[in-house]
Amino acid sequence: MSVDDRTAPSTPSIADPGPLGLGAFALTTFLLSAVNAGWATAASGDAWVGYAFAYGGLCQLLAGMWEFKNKNVFGATAFSTYGGFWIGLGLWARLVAPHATAAQASHDLGWILLAFAIFNTYMMVLALQVNMAVFAVFLTLELTEIVLFAGNFATSSGWVKLGGYIGVITALTAWYASAAGVAKGIGGKIQLPVGAPLIA
């Protein structure tokens, strides 16, 4: 007996791009957070910039485009936006920051981070409907952005350092969510729990 195509279960045309997007976000966030936390030396302080373009930027943007193909509006919006964030921040660091005073650069970063904190707020609320792991990423990112924009507006190195520490935690949560997605994609015995949505 033949199966009518209209009733056949649909299968994704591509693999889940979410783990790539989360991994790209995590690594670039970790590198910049190491700078903010004061862990990176002067020689390695700019290590994040190249990865802002190539991994956190381009790879995450591609993940967002693939999420559009998968009809995942949340993933497409999140990855595309933060891919753009990293590319934009890399361009700012190379084209604008070298010509600005320290105070001007801090206020620039304050406005950038405030704007992305506003975006992140509604994404964090909507992530309550995804799973606990994804919500944890947006929650820790929200805290990171709030502390960093406050620190940059106040030109407070202590607040920026605190934002760096929270940023490292954000990166770790994103890496965990990425690893869970890879494990799910493999479908083997090793699976990592992500938790149920807080709002079903």
Side-chain angles (χ1 to χ4, degrees), residues 21-57 60-61 77-128 130 132-178 198:
L22 286 162
F25 173 80
L27 187 141
T28 318
T29 298
F30 179 81
L31 290 176
L32 180 54
S33 295
V35 175
N36 288 333
W39 298 344
T41 64
S44 61
D46 283 342
W48 66 273
V49 179
Y51 291 90
F53 288 118
Y55 196 34
Q60 198 174 180
L61 182 60
T77 304
F79 292 136
S80 301
T81 297
Y82 279 106
F85 166 81
W86 284 115
I87 294 170
L89 193 62
L91 288 171
W92 176 85
R94 282 291 174 258
L95 302 178
V96 178
H99 308 290
T101 65
Q104 289 170 337
S106 286
H107 284 130
D108 279 357
L109 287 172
W111 283 111
I112 292 167
L113 290 162
L114 172 58
F116 276 92
I118 293 170
F119 165 80
N120 195 78
T121 299
Y122 68 80
M123 294 298 286
M124 177 185 67
V125 172
L126 294 171
L128 289 166
V130 182
M132 282 290 294
V134 171
F135 174 71
V137 174
F138 282 90
L139 175 61
T140 53
L141 179 56
E142 182 83 358
L143 295 173
T144 301
E145 290 173 340
I146 289 172
V147 171
L148 285 177
F149 83 64
N152 277 285
F153 278 137
T155 60
S156 167
S157 60
W159 278 93
V160 171
K161 181 174 286 190
L162 176 60
Y165 294 150
I166 303 171
V168 169
I169 297 171
T170 301
L172 293 174
T173 60
W175 263 322
Y176 177 85
S178 173
L198 291 172

For [X] versus [Y], what's the shortest heavy-atom pair and its separation?
X	Y	result
A40	V35	CB-CG2, 3.8 Å
L95	P98	C-CD, 4.1 Å
L91	F53	N-CZ, 3.6 Å
V137	A177	CG2-CB, 4.3 Å
A97	A93	CB-O, 3.8 Å

The criterion is side chain to side chain donor-acceptor pair (under 3.5 Å); which residues satisfy it with [X], sequence neighbours excluded?
X	result
T121	E142
E145	Y82
W111	none
S178	none

Between [Y] and [X], is there a side-chain heavy-atom distance shorter than 4.5 Å?
X	Y	result
F135	M124	yes
V168	F30	yes
F79	F25	no

Output the distance between atom [atom1] ([X]) and atom [atom2] ([Y]), rounded to the nearest 0.5 Å.
X	Y	atom1	atom2	value
L113	F85	CG	CZ	5.5 Å
L32	D46	CG	CG	10.5 Å
T81	F119	OG1	CZ	3.5 Å
F116	I146	CZ	CD1	15.0 Å
H107	L114	NE2	CG	12.0 Å
M123	I118	CE	CD1	15.0 Å

Could you give the side-chain donor-acceptor pairs of residues 149-165 under 3.5 Å, partners two or more places apart or in another chain?
from	atom 1	to	atom 2	distance (Å)
N152	ND2	L148	O	2.8
S156	OG	W159	N	3.2

**Request:** Using side-chain contact (heavy atoms from CB on, under 4.5 Å) as the criterion, list what pairs up with V134, not counting sequence neighbours.
**Result:** F74, A127, V130, N131, F138

**Message:** Would you say OH of Y51 has more than 12 non-hydrogen atoms from neighbouring residues, nucleotides or ligands within 6.0 angstrom?
**Reply:** no

**Message:** What I want to check is whether the side chains of T170 and T29 have a donor and an acceptor closer together than 3.5 Å.
**Reply:** no

